[in-house]
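Presented below is the structure to which this report refers.
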Amino acid sequence: SQQGEEDPQALSIQEGENATMNCSYKTSINNLQWYRQNSGRGLVHLILIRSNEREKHSGRLRVTLDTSKKSSSLLITASRAADTASYFCATDGETSGSRLTFGEGTQLTVNP
Amino acid sequence: EADIYQTPRYLVIGTGKKITLECSQTMGHDKMYWYQQDPGMELHLIHYSYGVNSTEKGDLSSESTVSRIRTEHFPLTLESARPSHTSQYLCASSLSGTSGEQYFGPGTRLTVT
């Protein structure tokens, strides 16, 4: 079974609105990462949050991590049409040797 | 853009053919990975390597094989392609001793007819 589960599976919003995606995982982790994938392309790393951090910001991205609930959220503020993509969380487990386990992804559509 | 390359980008082949998907990176990364991804689905790790002459099977059973003779090169081979191998194959690399951020190639979309 997948380590990461994301919700919602799909999200459609208007430009300028905020988008929030959630990720849950099952085992203890070293860190949690978020990646973006444009249709038919490879993944691009967005942000990494370590297990001892609770919140991290990068530009319009805000990530939170709650290790007690084994969950994370990715917030994209003031969304743009160019943010349309699939977003995946990935966990680096304590025993995984830096192998990542990816969630099922959230397909975000930002309408102009 | 990451300095990791995959060829071909698209491949359509008949059942039973042998194929090799190429992956090269110029970042000097020790660790390299192959993932399989069906459209709109999660990535599944099928092979990984922590350095030259080191290869391991991933979490998803695969009929493919890999080799790592040079640091920068991590090809994946299917000895006899089947329609069930139709998928997107993504190659990635990461630097040893870091927290595991991976850099991805653009992928190879394989269709077996």
Side-chain angles (χ1 to χ4, degrees), chain A residues 1-11 23-27 29-53 56 58 63 65 85-109, chain B residues 1-10 21 23-25 27 29-51 54-60 87-111:
Chain A
S1 62
Q2 282 300 305
Q3 166 79 319
E5 295 181 4
E6 296 174 66
D7 78 274
Q9 285 191 318
L11 179 62
C23 168
S24 61
Y25 57 92
K26 295 185 173 68
T27 63
I29 61 171
N30 291 320
N31 64 65
L32 185 144
Q33 305 175 33
W34 285 90
Y35 287 81
R36 166 196 167 122
Q37 184 181 33
N38 287 84
S39 179
R41 304 287 298 180
L43 279 70
V44 175
H45 182 265
L46 294 176
I47 194 165
L48 179 152
I49 186 164
R50 300 183 191 281
S51 60
N52 61 354
E53 297 176 310
K56 203 159 183 182
S58 176
V63 169
L65 179 64
S86 291
Y87 292 83
F88 293 88
C89 68
T91 52
D92 178 5
E94 286 185 343
T95 58
S96 68
S98 80
R99 289 178 292 156
L100 297 180
T101 301
F102 285 83
E104 296 172 351
T106 293
Q107 172 60 51
L108 173 66
T109 301
Chain B
E1 292 286 327
D3 294 323
I4 180 164
Y5 310 97
Q6 290 185 244
T7 58
R9 291 294 314 281
Y10 304 92
L21 308 184
C23 175
S24 295
Q25 50 94 8
M27 297 174 283
H29 289 173
D30 291 325
K31 297 180 179 178
M32 296 189 74
Y33 314 84
W34 275 104
Y35 294 90
Q36 186 174 340
Q37 182 187 31
D38 291 325
M41 304 295 286
E42 68 264 43
L43 282 72
H44 294 283
L45 180 67
I46 51 175
H47 295 283
Y48 62 99
S49 168
Y50 284 167
S54 151
T55 62
E56 301 285 346
K57 288 190 180 294
D59 304 319
L60 180 69
S87 190
Q88 170 149 279
Y89 293 84
L90 292 166
C91 180
S93 68
S94 67
L95 196 56
S96 288
T98 65
S99 47
E101 174 186 341
Q102 293 187 10
Y103 297 80
F104 282 80
T108 294
R109 183 164 296 282
L110 173 66
T111 302

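Here is how names work: the chains are called A, B, and so on, in the same order as the sequence lines, proteins then strands, and each is numbered from 1. The structure presented is a predicted model; accordingly, all values stated were derived computationally and were not measured.
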For the residue pair B:Gln37 and A:Phe88, what are the closest heavy atoms and their distance? NE2-CZ, 3.5 Å
Restricting to non-hydrogen atoms, name the atom on A:Gln33 and the atom on B:Gln102 that form the minimum distance, rounded to 0.1 Å. OE1-N, 4.2 Å
So for atom CD, which belongs to A:Glu53, do other residues, nucleotides or ligands contribute more than 12 heavy atoms lying within a distance under 6.0 Å? yes
When you compare the side chain of A:Leu100 with that of B:Tyr35, does any pair of heavy atoms fall below 4.5 Å? yes
Please state whether the side chain, the backbone, both or neither of A:Gln37 comes within less than 4.5 Å of a heavy atom of chain B. side chain
Residues which pass side chain to side chain donor-acceptor pair (under 3.5 Å) with B:Gln6, listed by chain and number, not counting sequence neighbours: none
For a quick test of reading the model, state the closest non-hydrogen atom pair linking B:Gln88 to A:Arg41 and the distance between them. NE2-O, 3.8 Å
Residues passing the salt bridge (Lys or Arg N to Asp or Glu O under 4.0 Å) test with B:Asp59, sequence neighbours excluded, are A:Arg99
